[in-house]
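Notes for the one structure printed next.
Model, not experiment: these values are computed from the prediction. Atoms within a ligand are numbered from 1 in the order they appear, just like the ligands themselves.
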Amino acid sequence: MHIYKVGGAVRDRLLGRPVSDIDWLVVGATVEQMQALGYRPVGADFPVFIHPRSGEEYALARTERKSGRGYGGFTFHASPDVTLEEDLIRRDLTINAMAEDDDGTLYDPYHGKEDLERRLLRHVSPAFAEDPLRVLRVARFAARYAPLGFKVADETLALMRQISASGELQALTAERSWKEIERALMEPQPQVFFEVLRACDALQALLPELEDSPHALAGLEQAAQHDQPLHVRWACLLRELQPATIKAVSQRFKAPRDCQELAILVGECLSQCNQALELPSTALLELLQKFDVYRRPQRFDDFISACEMDARARQGSLAYPQADYLRGAAAAARAVDVKPLVQAGLTGQALGESLKGERLKALTAYKSAAEG
Ligand code: ATP
Ligand code: MG
């Protein structure tokens with residue numbers, strides 16, 4: 001049997017980028033041989049194993065054939081007579097279809113190294129069209145390697161357009177799509193992901209809501225430049241949509257709760273954040289109550305960040321004094337101590353009401369100090 005390093009590890013080493021996880025390919029072995037060597041099988045019908053000590057993934061060389069719609073519609077053929085070239089040709093991009101053996105020899109039958117040098121994301125073979133997820137993968141790699149000058153090859157973009165037109169993108173499960181979207185959002189230039197999807201008509205199929213959202217990508221770009229976390233990026237992307245639409249989109253992709261929640265709150269309250277300096281203290285209090293800033297201060301902070309990213313995207317690098325102002329207001333309201341009210345014998349609704357009253361006083365004082 002022969003073991004090769006494949007995929008991202010080979011690509012990223014050639015690019016001089018850090019390699020996080022290594023995928024291994026085993027040619028010339030049977031399932032039984034792998035098990036006898038102590039490798040643990042990952043799934044019942046998937047020829048992938050986990051190394052007993054390193055925990056890394058070892059896949060048996062395989063060919064695959066499309067046998068129906070969607071991801072389930074694949075039959076795999078893994079056997080000791082599948083060659084390295086046969087395994088590599090079913091991969092998505094030429095830069096992902098290189099292998100390296102343990103003495104460092106590069107196997108590159110589809111000219112991935114040349115495409116790396118030419119900064120091209122190019123599909124390996126027409127079989128690319130058999131898995132619509134590859135459209136999202138290519139867009140994600142475009143977002144990741146945009147800072148290095150990578151582009152999608154024209155012929156690959158054309159093939160991606162055909163996939164979009166075929167209606168196959170709709171067959172992707174929410175889980176598979178979200179995994180790509182989530183990873184794309186965390187790339188250094190996540191807006192490129194959506195630009196590529198738009199260029200191949202996949203945006204219309206996957207996220208048509210964004211088609212008439214002119215500032216979405218600029219806000220997302222700002223959020224990435226400022227290293228914002230996933231849920232802030234998601235909120236920036238969707239912020240021009242109606243809250244009901246934000247909810248529907250988030251649910252369609254089964255986005256995690258914190259992403260959905262923040263995006264809806266930004267959709268609902270962004271204009272209040274922009275007008276923060278003019279809000280009367282009663283409206284300020286209402287905003288803080290809505291966010292439950294007393295128990296969930298971080299969420300309010302993330303909200304402010306998302307609004308700030310959006311404002312920067314629309315006004316260039318102008319200052320956004322609303323951010324510090326609202327952070328200060330939150331701190332003032334949070335500083336109100338409940339103890340004296342409890343000691344005065346207040347309970348239940350009466351306690352709630354007077355706590356609210358004290359917070360309003362604190363905000364009024366904060367506001368006049370800020371204006372003074
Ligand atoms: P990353 O740095 O994101 O891990 P990667 O290229 O290693 O990038 P993986 O998802 O770990 O990506 O997959 C490993 C390899 O398996 C890829 O390089 C590619 O050759 C192949 N591959 C993975 N998913 C697909 C797919 N949907 N279609 C074709 N080939 C794929
Ligand atoms: Mg990998």
Side-chain angles (χ1 to χ4, degrees), residues 3-27 42-43 46-51 54-66 69-76 78 82 84-100 106-113 115-116 121-148 150 156 159-160 163 168-169 171-173 175-190 192-193 202:
I3 298 184
Y4 302 89
K5 221 180 257 179
V6 285
V10 180
R11 176 195 69 223
D12 286 333
R13 189 188 64 73
L14 289 172
L15 281 174
R17 286 170 53 102
V19 171
S20 47
D21 74 324
I22 303 182
D23 300 296
W24 300 92
L25 175 70
V26 185
V27 176
V42 168
F46 230 66
V48 177
F49 297 83
I50 299 291
H51 191 280
S54 72
E56 287 171 341
E57 277 192 13
Y58 286 70
L60 290 189
R62 65 178 196 243
T63 56
E64 57 192 26
R65 221 161 14 90
K66 189 150 176 73
R69 249 177 111 85
Y71 192 52
F74 266 106
T75 42
F76 299 106
V82 175
L84 180 61
E85 285 73 15
E86 284 170 337
D87 180 278
L88 294 179
I89 201 170
R90 66 166 176 92
R91 292 171 185 264
D92 48 5
L93 296 172
T94 59
I95 63 166
N96 291 343
M98 296 181 278
E100 202 180 276
L106 187 70
Y107 298 86
D108 182 18
Y110 308 108
H111 311 291
K113 191 157 180 269
D115 284 340
L116 270 186
L121 303 171
R122 189 204 305 275
H123 65 284
V124 178
S125 87
F128 179 92
E130 293 180 0
D131 179 5
L133 189 78
R134 291 170 188 160
V135 171
L136 281 79
R137 281 179 58 90
V138 172
R140 173 164 67 79
F141 284 116
R144 181 190 294 179
Y145 296 126
L148 298 178
F150 274 80
T156 301
L159 194 51
M160 289 159 71
I163 297 173
E168 277 273 304
L169 288 167
L172 288 171
T173 62
E175 288 79 5
R176 286 187 92 206
S177 302
W178 176 256
K179 214 173 128 215
E180 292 300 323
I181 293 170
E182 175 180 26
R183 296 184 70 187
L185 286 170
M186 294 313 292
E187 295 294 353
Q189 294 195 20
V192 172
F193 175 76

State the atoms of ligand 1, each with its element, that fall below the 4.0 Å cut-off from a heavy-atom position in [X].
{"X": "Asp21", "answer": "4 (O)"}
{"X": "Arg183", "answer": "1 (P), 3 (O), 4 (O)"}
{"X": "Gly8", "answer": "5 (P), 6 (O), 7 (O), 18 (O)"}
{"X": "Arg140", "answer": "3 (O)"}
{"X": "Arg144", "answer": "1 (P), 2 (O), 3 (O)"}
{"X": "Arg11", "answer": "1 (P), 2 (O), 5 (P), 6 (O), 8 (O)"}
{"X": "Asp131", "answer": "27 (N)"}
{"X": "Arg90", "answer": "29 (C)"}

Query raised in the report: Listed by chain and number, what are the side chain to side chain contact (heavy atoms under 4.5 Å, CB included) partners of Glu64, not counting sequence neighbours?
Result: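 Glu64: side chain to side chain contact (heavy atoms under 4.5 Å, CB included) contacts with Arg62, Phe74, Phe76, Arg90, Arg134.
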**Report entry** Shortest non-hydrogen contact between Asp12 and Pro18, atoms and distance
**Finding:**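 That closest heavy-atom pairing would be CB-O, 4.1 Å.
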Requested in this report: Might you point out which heavy atoms bring Leu60 and Ala78 nearest each other, and give the distance in Å?
Outcome: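 Distance-wise, the nearest heavy atoms are CB-CB, 4.3 Å.
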Query raised in the report: Looking at ligand 1, does any of its N/O atoms fall within less than 3.5 Å of an N/O of Asp92?
Result: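 For ligand 1, there is an N or O atom that lies under 3.5 Å from one belonging to Asp92.
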Query raised in the report: What residue among His51, Glu56, Glu57 forms side chain to side chain donor-acceptor pair (under 3.5 Å) with Trp24?
Result: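 Passing option: Glu56.
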**Report entry** Test: Asp108 and Lys113 ion pair at under 4.0 Å
**Finding:**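 Not counted as a salt bridge, because no side-chain N and carboxylate O are separated by less than 4.0 Å.
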Query raised in the report: Just going by heavy-atom distances, which of Arg91, Glu64, Arg137 is nearest to atom 23 (C) of ligand 1?
Result: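 Looking at heavy atoms only, the winner is Arg137.
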Report task. Determine whether the side chain, the backbone, both or neither of Asn96 has a heavy atom under 4.0 Å from any heavy atom of ligand 1. Result ->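 Contact part for Asn96 vs ligand 1: both backbone and side chain.
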Query - Arg137 side, atom CZ; Lys179 side, atom NZ - distance, nearest 0.5 Å - result: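 Going from CZ on Arg137 over to NZ on Lys179, the span is 8.5 Å.
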Report task. Kindly say whether Ala97 contributes a backbone atom to a donor-acceptor pair with the side chain of Tyr107 at under 3.5 angstrom? Result ->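 Pair absent, no side-chain N/O of Tyr107 close to backbone of Ala97.
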**Report entry** Exam field: side chain Thr156 to backbone His123, donor-acceptor pair closer than 3.5 Å
**Finding:**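 It does hold such a pair.
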Query raised in the report: For ligand 1, is Phe141 a contact, meaning one of its heavy atoms is under 4.0 Å away?
Result: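 True for this residue.
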Query - Asp23: its N/O/S atom lying closest to the Mg ion (ligand 2) (atom name) - result: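 Going through the N, O and S atoms of Asp23 one by one, OD2 ends up nearest to the Mg ion (ligand 2).
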Query - 4.5 Å side-chain heavy-atom contact, Leu88 and Tyr4 - result: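 When only atoms from C-beta onward are counted, Tyr4 and Leu88 do not touch, as no gap falls below 4.5 Å.
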